[in-house]
Protein chains: 2
Amino acid sequence: MGLAKTEIFTDQQNQIAIFAKAFGHPARVAILQQLFKMDSCYCGSLVDEIGLAQPTISQHLKELRNLGLVKGNVEGTSVCYCIDKDNWTVMKAVMGDFLDQDLPENEDCC
Amino acid sequence: MGLAKTEIFTDQQNQIAIFAKAFGHPARVAILQQLFKMDSCYCGSLVDEIGLAQPTISQHLKELRNLGLVKGNVEGTSVCYCIDKDNWTVMKAVMGDFLDQDLPENEDCC
DNA sequence: TTGTTTAATTGCAATATTACAATTAATAAT
DNA sequence: ATTATTAATTGTAATATTGCAATTAAACAA
């Protein structure tokens, strides 16, 4: 069908998947890395830096904004984007709980 | 188009996106959590546990296997799956470098 | 007001993903 | 050999994602 059956999963599982999806495209990874590097950035700078068309970058920014990982500040005709530190911390905690799982040392079937 | 322009991104950015995509579906998150919890698991057990059809689980397992996060061991008519600890560690390092970025404390445009 | 600049939105085409029924493959059991 | 069990594969339908041209919106500048 193409649509995930989210209702059969826990909120935690769905939230991990939603955050992970945000990082599931290299353009969004690049945007976030650039925002970390520059502390803040304009949409046009990201277009120049990354090399995708302006509507494409704008669309990826929208997804990151909707997730709360990025926030934007209107400055005249420009919009200055930056990482939302608080939500980044929340995301890191959620992903960390998942990624930092550990297996018991003993058994291993494979 | 629907296909990411991977050639304009760094290997690191693409690799982060590929790993993240693996976690971008709650079924794969659930499968991995179950494998951590049980240490190992049969495909049929995952079908019962998660509640998606057998071909669907099998397909998700295949993706996780192709990425190297999971490995399978044939035991008669069953296949025992478990986490590939070594590759999980590699993945954690790659994702960690990305997630643990820090901003300078001072400036903040937004 | 009229242009200029910057970013968001719309519309569309192409590809990817998700899900499952039906089938096939492989091994074990009788 | 036949049957049962388990998982992979195939085929197909539905939805999602990606990318960009064209357009629109909003703020500033002259």
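Numbers restart at 1 for each chain; the letters A, B, ... are given by sequence-line order, proteins then strands.
Rounded to an integer number of Å, the gap from B:Glu75 CD to D:dT5 P is 18 Å. Straight-line distance from the NZ atom of B:Lys5 to the C1' atom of C:dA13: 15 Å, rounded to whole Å. The nearest whole Å value for the distance from the CD1 atom in A:Ile50 to the P atom in D:dC20 is 12 Å. Counting to the nearest Å, the P atom of C:dA7 and the NZ atom of A:Lys71 are 19 Å from each other. As a whole-Å value, the separation of A:His60 NE2 from C:dT9 P is 15 Å. What separates CD1 of A:Ile18 from P of D:dT17 is a distance of 11 Å, to the nearest Å. Rounded to an integer number of Å, the gap from NZ of B:Lys21 to P of D:dT18 is 7 Å. If you measure from atom CG of A:Leu46 to atom C1' of C:dA7, you get 12 Å, rounded to the nearest angstrom.
Remark: aromatic rings of B:Phe23 and A:Phe98 are close, center separation under 6.0 Å. B:Trp88 has its ring centre less than 6.0 Å from the ring centre of B:Phe36.
Cluster membership check: B:Tyr42 does not share its hydrophobic cluster with B:Ile57, using side-chain heavy-atom separations under 4.5 Å among Ile, Leu, Val, Met, Phe, Trp and Tyr.
Within a heavy-atom distance below 4.0 Å of DNA chain D, no residue of residues 24-34 of chain B is found.
A 4.5 Å side-chain heavy-atom check between B:Val70 and B:Cys82 finds every atom pair outside the cut-off.
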Checklist entry - After noting the C-alpha distance and the side-chain angles of A:Gln33 and B:Gln101, does the key distance pass the side chain to side chain donor-acceptor pair (under 3.5 Å) rule? => result CA-CA 8 Å; A:Gln33 284 180 332; B:Gln101 289 175 90; 5.2 Å; no

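By the neighbour-count criterion of 12 heavy atoms within 6.0 Å, atom CG of B:Asp100 is densely surrounded, having more than that number from other residues, nucleotides or ligands.
Using a 4.0 Å heavy-atom cutoff across all strands shown, B:Ile57 reaches no nucleic acid atom at all.
Distance from the side chain of B:Ala4 is smallest for D:dT18 among the nucleotides D:dT18, C:dA19, D:dT17.
Summary of the strand contacts: B:Gly51 and B:Leu3 both lie near DNA chain C, and taking for each the nucleotide with the nearest heavy atom, the more 5' one is attributed to B:Leu3.
Nearest heavy-atom pair, A:Lys21 versus B:Gly24, reported as atom, atom and distance to 0.1 Å: CE-O, 3.3 Å. Residues A:Leu52 and A:Ala27 come closest through the heavy atom pair CD1-CB, 3.7 Å.
With rounding to the nearest 0.5 Å, the separation of CD1 in B:Ile18 from NE2 in A:His25 is 11.5 Å.
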Distances under 3.5 Å between nitrogen or oxygen atoms of protein and nucleotides 6-13 of chain D:
{"residue": "D:dA7", "atom": "OP1", "partner": "B:Cys43", "partner atom": "N", "Å": "3.2"}
{"residue": "D:dA7", "atom": "OP2", "partner": "B:Gly44", "partner atom": "N", "Å": "2.8"}
{"residue": "D:dA8", "atom": "OP1", "partner": "B:Tyr81", "partner atom": "OH", "Å": "2.2"}
{"residue": "D:dA8", "atom": "OP2", "partner": "B:Ser58", "partner atom": "OG", "Å": "2.7"}
{"residue": "D:dA8", "atom": "N7", "partner": "B:Gln54", "partner atom": "NE2", "Å": "2.7"}
{"residue": "D:dA8", "atom": "N6", "partner": "B:Gln54", "partner atom": "OE1", "Å": "3.0"}

